[in-house]
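Let me begin by presenting the structure, written as structure tokens, before commenting on it.
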Amino acid sequence: MEPSTQILDLLRHLGITANYTGFFYVAAAVEQCLVHREKLLMVTKDLYPSIARQHKTTWKAVERDIRTVSNIVWKHNRQPLEELAHRPLTKRPSPSELLAILTLALCSENRKEAHS
């Protein structure tokens with residue numbers, strides 16, 4: 001399953017580019033979560049292992065690289081992230097929180113487009 005242009009554009013908007021391994025992991029994870037929202041509840045047991053198999057790595061590497069993405073966004077693009085979260089963030093989001101913010105932001109955007 002290839003990540004949608006919408007996901008890739010959102011990541012680029014947050015300052016994450018394809019030179020980070022986590023870019024591909026976040027894109028794949030958000031794509032899966034858009035289709036199966038329950039994966040947001042089972043990140044360590046289901047989502048990270050699924051992404052790891054897809055990219056031939058370990059779930060720990062997936063989590064670490066998504067954490068790196070979260071750190072980069074937190075340091076350099078906090079305001080757009082807070083806008084996506086619809087609230088101020090007092091601390092850097094965990095990898096699973098970042099995935100939830102991105103997934104729900106895209107769900108919300110898709111609902112707005114469907115009603116237009």
Side-chain angles (χ1 to χ4, degrees):
M1 175 184 298
E2 285 296 312
S4 72
T5 305
Q6 195 177 24
I7 294 170
L8 301 178
D9 288 347
L10 179 60
L11 291 175
R12 284 189 289 268
H13 172 71
L14 291 172
I16 304 305
T17 57
N19 60 315
Y20 296 103
T21 305
F23 174 89
F24 300 101
Y25 299 164
V26 171
V30 171
E31 188 74 38
Q32 284 190 30
C33 290
L34 285 170
V35 175
H36 304 285
R37 305 262 162 66
E38 68 277 3
K39 286 189 178 255
L40 287 170
L41 303 172
M42 304 178 295
V43 224
T44 307
K45 281 188 166 191
D46 184 17
L47 185 61
Y48 294 157
S50 172
I51 301 303
R53 282 190 301 277
Q54 186 179 349
H55 292 273
K56 296 178 178 38
T57 189
T58 66
W59 73 266
K60 287 184 179 190
V62 170
E63 182 180 33
R64 179 195 63 231
D65 291 337
I66 293 174
R67 179 173 285 108
T68 298
V69 166
S70 183
N71 285 332
I72 293 162
V73 173
W74 183 249
K75 276 184 178 176
H76 303 290
N77 288 299
R78 186 183 304 184
Q79 183 181 355
L81 183 62
E82 288 180 333
E83 289 169 9
L84 290 173
H86 297 289
R87 62 185 168 87
L89 300 171
T90 57
K91 62 183 174 77
R92 178 191 54 81
S94 69
S96 60
E97 289 169 332
L98 177 67
L99 296 176
I101 290 168
L102 298 177
T103 300
L104 296 175
L106 287 170
C107 288
S108 173
E109 190 175 307
N110 289 341
R111 276 196 297 273
K112 286 179 189 171
E113 288 175 5
H115 288 47
S116 297

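Residue indices begin at 1 and follow the sequence shown. Only heavy atoms go into these numbers, but all of them, side chains included; no hydrogens, no water, no symmetry mates. Keep in mind the model is a prediction, meaning the values are calculated, not measured.
Pairs passing the side chain to side chain donor-acceptor pair (under 3.5 Å) check and including a residue from residues 10-24, sequence neighbours excluded, read Asp9-Arg12, Thr17-Asn19. Listed by first then second residue, pairs satisfying side chain to side chain donor-acceptor pair (under 3.5 Å) with a partner in residues 60-73 read Asn71-Arg92, not counting sequence neighbours.
Separation of atoms CD1 (Ile7) and CG (Leu106) is listed at 6.0 Å; rounding is to 0.5 Å.
In this view, Gln79 and Glu83 satisfy the side-chain contact (heavy atoms from CB on, under 4.5 Å) rule, not counting sequence neighbours. Residues satisfying the side-chain contact (heavy atoms from CB on, under 4.5 Å) criterion with Glu97, sequence neighbours excluded, are Lys91, Pro93, Ser94. Residues meeting the side-chain contact (heavy atoms from CB on, under 4.5 Å) test with Ala85, sequence neighbours left out: Arg87, Leu89, Ile101. Remark: Tyr25 engages His55 in a ring pair (Phe, Tyr, Trp, His ring centres under 6.0 Å) (not counting sequence neighbours).
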### Task
Start with the C-alpha distance between Val30 and Leu10, add both sets of side-chain angles, then the distance that settles side chain to side chain contact (heavy atoms under 4.5 Å, CB included), and finish with yes or no.
CA-CA 11 Å; Val30 171; Leu10 179 60; over 6 Å; no
### Query
Which is it for Leu84 and Leu104 under the side chain to side chain contact (heavy atoms under 4.5 Å, CB included) test, yes or no, and what are the steps along the way?
CA-CA 8 Å; Leu84 290 173; Leu104 296 175; over 6 Å; no
### Candidate pair Thr58 and Tyr48, rule side chain to side chain contact (heavy atoms under 4.5 Å, CB included), full reasoning
CA-CA 8 Å; Thr58 66; Tyr48 294 157; over 6 Å; no
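Here the shortest heavy-atom pairing between Thr103 and Leu34 reads O-CD2, 3.7 Å. Shown here for Thr90 and Trp74, the closest heavy-atom pair between the two residues is C-CH2, 4.0 Å.
Side-chain atoms of Ser50 never come within 3.5 Å of backbone atoms of Asp46 as a donor-acceptor pair (strictly under, hydrogens ignored). Glu31 places a side-chain N or O within 3.5 Å of a backbone atom of Ser4 that can act as its donor or acceptor partner.
A heavy-atom distance below 4.5 Å is not found between the side chains of Ser96 and Leu40. Put simply, the side chain of Leu47 reaches to within 4.5 Å of the side chain of Cys33, judged on heavy atoms. For the pair Ile72/Leu14, no side-chain contact is recorded, criterion being any heavy-atom separation below 4.5 Å from C-beta on. Within the 4.5 Å cutoff, the side chain of Trp59 has heavy atoms near those of the Thr44 side chain. The side-chain heavy atoms of Gln32 and Gln54, taken from C-beta on, include a pair separated by under 4.5 Å. Counting heavy atoms from C-beta on, the side chains of Val73 and Ile16 come closer than 4.5 Å.
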